[in-house]
Visitor: 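My questions will all concern the structure given below.
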Amino acid sequence: MEQSVYIRAVDTYANTLYRIACTYCRHHADAEDIVQTAFMKLYQTDTTFQDEEHMKKWLIRVTANEAKNLCTSFWKKNVVPLETSMTDQPYDFPIPESSDLYDAVMKLPDKYKIVIHLYYYEDYSVKEIAEILQLKETTVQTQLMRARKKLKTRLKEVWQDGQ
C-alpha cells in the first residue's frame with residue numbers, strides 16, 4: 001500500500017474506528033490497541049480497494065472482528081482492571097438526555113450496540129451494516145428493532161427515576 005494512501009486513511013478513519021472499538025470494549029486503551037491493529041492490517045494487506053468507501057467498510061469490519069476477539073479472549077475474561085469505573089466517554093453531550101441515551105446504548109448487548117452505533121452515530125444504512133457485519137439485512141433490521149425496544153424501556157426507567 002502506498003504510504004500517502006495509508007496516511008490519508010489513518011487521518012480520515014481513525015476517529016470512526018476508535019468510536020466503534022469503544023462501542024465494543026468500553027475501555028480507551030483497548031480501543032486504541034484495536035485501532036492500531038486494524039491500521040497495521042491495512043498497511044500489510046494486499047487487498048485492492050475499489051474506492052474509499054470500500055476501504056472504510058473493510059476497516060470497520062477488521063475493527064469489529066478485532067474487538068470481538070479481544071472481548072472473548074482468555075486474558076480479557078480473567079483479568080480484573082485497576083479502574084472499576086468507566087473512563088471518559090468518547091462523546092461530549094451538551095444535553096443530559098443525550099448522555100443518558102449514549103449510556104443506555106453502551107449497556108446493550110454487543111450485537112445490538114454495534115448496529116445502533118453504525119446506524120445512528122455513523123449514518124450507515126441497513127444494507128451497508130449488513131455488508132460490514134456480514135449479516136442478512138433482515139437480521140440487522142430485527143436487531144435494530146429489538147435494540148430500540150430495549151432502549152425505550154431503559155430510558156423510561158432512567159427518566160422516571162430522575163423525576
Side-chain angles (χ1 to χ4, degrees), residues 12-38 41 52-163:
T12 305
Y13 304 124
N15 289 334
T16 299
L17 298 182
Y18 176 75
R19 288 190 303 265
I20 290 168
C22 278
T23 299
Y24 274 103
C25 63
R26 300 183 69 174
H27 289 94
H28 296 290
D30 291 341
E32 289 170 351
D33 290 344
I34 291 165
V35 172
Q36 182 177 9
T37 302
K41 287 185 177 190
E52 288 288 320
E53 191 62 26
H54 182 218
M55 182 189 303
K56 182 178 181 182
K57 289 178 182 179
W58 185 90
L59 281 166
I60 289 172
R61 183 75 224 143
V62 169
T63 301
N65 286 340
E66 287 297 319
K68 286 178 187 176
N69 290 343
L70 178 72
C71 291
T72 59
S73 71
F74 175 82
W75 173 259
K76 190 70 174 172
K77 289 180 179 178
N78 294 298
V79 172
V80 178
L82 290 175
E83 305 159 358
T84 55
S85 64
M86 195 172 124
T87 57
D88 297 332
Q89 296 177 349
Y91 298 102
D92 292 325
F93 299 103
I95 303 169
E97 289 80 12
S98 297
S99 180
D100 291 342
L101 175 61
Y102 184 78
D103 290 341
V105 169
M106 290 295 107
K107 291 177 183 170
L108 290 173
D110 287 343
K111 68 181 182 180
Y112 299 137
K113 186 176 6 180
I114 190 63
V115 294
I116 289 288
H117 182 85
L118 290 174
Y119 189 79
Y120 289 106
Y121 292 95
E122 301 297 333
D123 293 325
Y124 278 102
S125 69
V126 170
K127 182 178 181 180
E128 292 172 322
I129 295 169
E131 289 173 9
I132 291 169
L133 299 179
Q134 298 174 346
L135 300 170
K136 294 180 182 179
E137 286 183 46
T138 54
T139 303
V140 172
Q141 290 171 334
T142 302
Q143 288 179 348
L144 280 169
M145 179 189 67
R146 290 178 181 165
R148 288 180 193 121
K149 188 175 180 180
K150 287 180 179 287
L151 284 172
K152 183 177 179 181
T153 304
R154 283 197 179 147
L155 290 173
K156 277 185 180 178
E157 292 170 4
V158 168
W159 291 336
Q160 286 175 353
D161 291 343
Q163 293 180 357

Visitor: Any side-chain heavy atom of Val126 sitting closer than 4.5 Å to one from Val115?
Guide: no

Visitor: Would you say Lys41 and Glu66 make side-chain contact, with heavy atoms under 4.5 Å?
Guide: yes

Visitor: If only side-chain N and O atoms count, and only distance matters, is there a donor-acceptor pair under 3.5 Å linking Asn65 with Arg61?
Guide: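 Distance-only check passes for Arg61 and Asn65.
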
Visitor: Considering only heavy atoms from C-beta outward, does the side chain of Gln143 approach that of Leu135 to under 4.5 Å?
Guide: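 In short, these two side chains touch, coming nearer than 4.5 Å.
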
Visitor: Provide the closest heavy-atom pair for Tyr121 versus Val105 in the form atom of the first, atom of the second, distance.
Guide: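 For Tyr121 versus Val105, the nearest heavy atoms are OH-CG2, 4.4 Å.
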
Visitor: Would you give the length of the straight line joining atom CG of Leu144 to atom OH of Tyr112, rounded to the nearest 0.5 angstrom?
Guide: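 Output value for this atom pair is 10.5 Å.
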
Visitor: Does Glu122 reach the side chain of Thr16, with side-chain heavy atoms less than 4.5 Å apart?
Guide: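 Yes, their side chains come closer than 4.5 Å.
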
Visitor: Return the NZ to CG distance between Lys113 and Asp110, rounded to the nearest 0.5 Å.
Guide: 4.5 Å

Visitor: Kindly give the heavy-atom pair with the smallest separation between Cys22 and Ala31, and that separation in Å.
Guide: SG-CB, 3.6 Å

Visitor: Quick one: pull up NZ in Lys127 and CD1 in Ile129 and give me the separation to the nearest 0.5 Å.
Guide: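 Spacing of NZ (Lys127) from CD1 (Ile129) equals 13.5 Å.
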
Visitor: Is there a donor-acceptor pair closer than 3.5 Å between any side-chain N or O of Glu32 and the backbone N or O of Ala29?
Guide: no

Visitor: Heavy-atom count around Tyr119 OH within 6.0 Å, excluding the residue itself: above 12?
Guide: no

Visitor: Rounded to the nearest 0.5 Å, what separation is found between the OG atom of Ser125 and the CD atom of Glu137?
Guide: 7.5 Å

Visitor: Got a sec, which residues hit side chain to side chain contact (heavy atoms under 4.5 Å, CB included) with Ala67, two or more places apart in sequence or on another chain?
Guide: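 For Ala67, the residues satisfying side chain to side chain contact (heavy atoms under 4.5 Å, CB included) (neighbours in sequence not counted) are Tyr24, Ile34.
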
Visitor: Going by the salt bridge (Lys or Arg N to Asp or Glu O under 4.0 Å) test, which pairs reach into residues 142-152, not counting sequence neighbours?
Guide: none

Visitor: For Ala14 and Val35, work out which heavy atoms get closest and say how close.
Guide: O-CG1, 4.4 Å

Visitor: Under 3.5 Å, is there a donor-acceptor pair between the side chain of Lys57 and the main chain of Ile132?
Guide: no

Visitor: Tell me, do Ile60 and Leu118 make a side-chain contact under 4.5 Å, heavy atoms counted?
Guide: yes

Visitor: State the NZ-CG distance between Lys107 and Leu151, to the nearest 0.5 angstrom.
Guide: 11.5 Å

Visitor: If we only count heavy atoms from C-beta on, is the Leu108 to Arg154 side-chain gap below 4.5 Å?
Guide: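 Yes - at least one pair of side-chain heavy atoms lies under 4.5 Å apart.
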
Visitor: Would you sort out whether Glu52 and Tyr13 count as a side chain to side chain donor-acceptor pair (under 3.5 Å), showing the intermediate values?
Guide: CA-CA 10 Å; Glu52 288 288 320; Tyr13 304 124; 3.0 Å; yes

Visitor: Is there a side-chain contact between Tyr124 and Lys56 (heavy atoms, below 4.5 Å)?
Guide: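 SC-SC contact between Tyr124 and Lys56 confirmed.
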
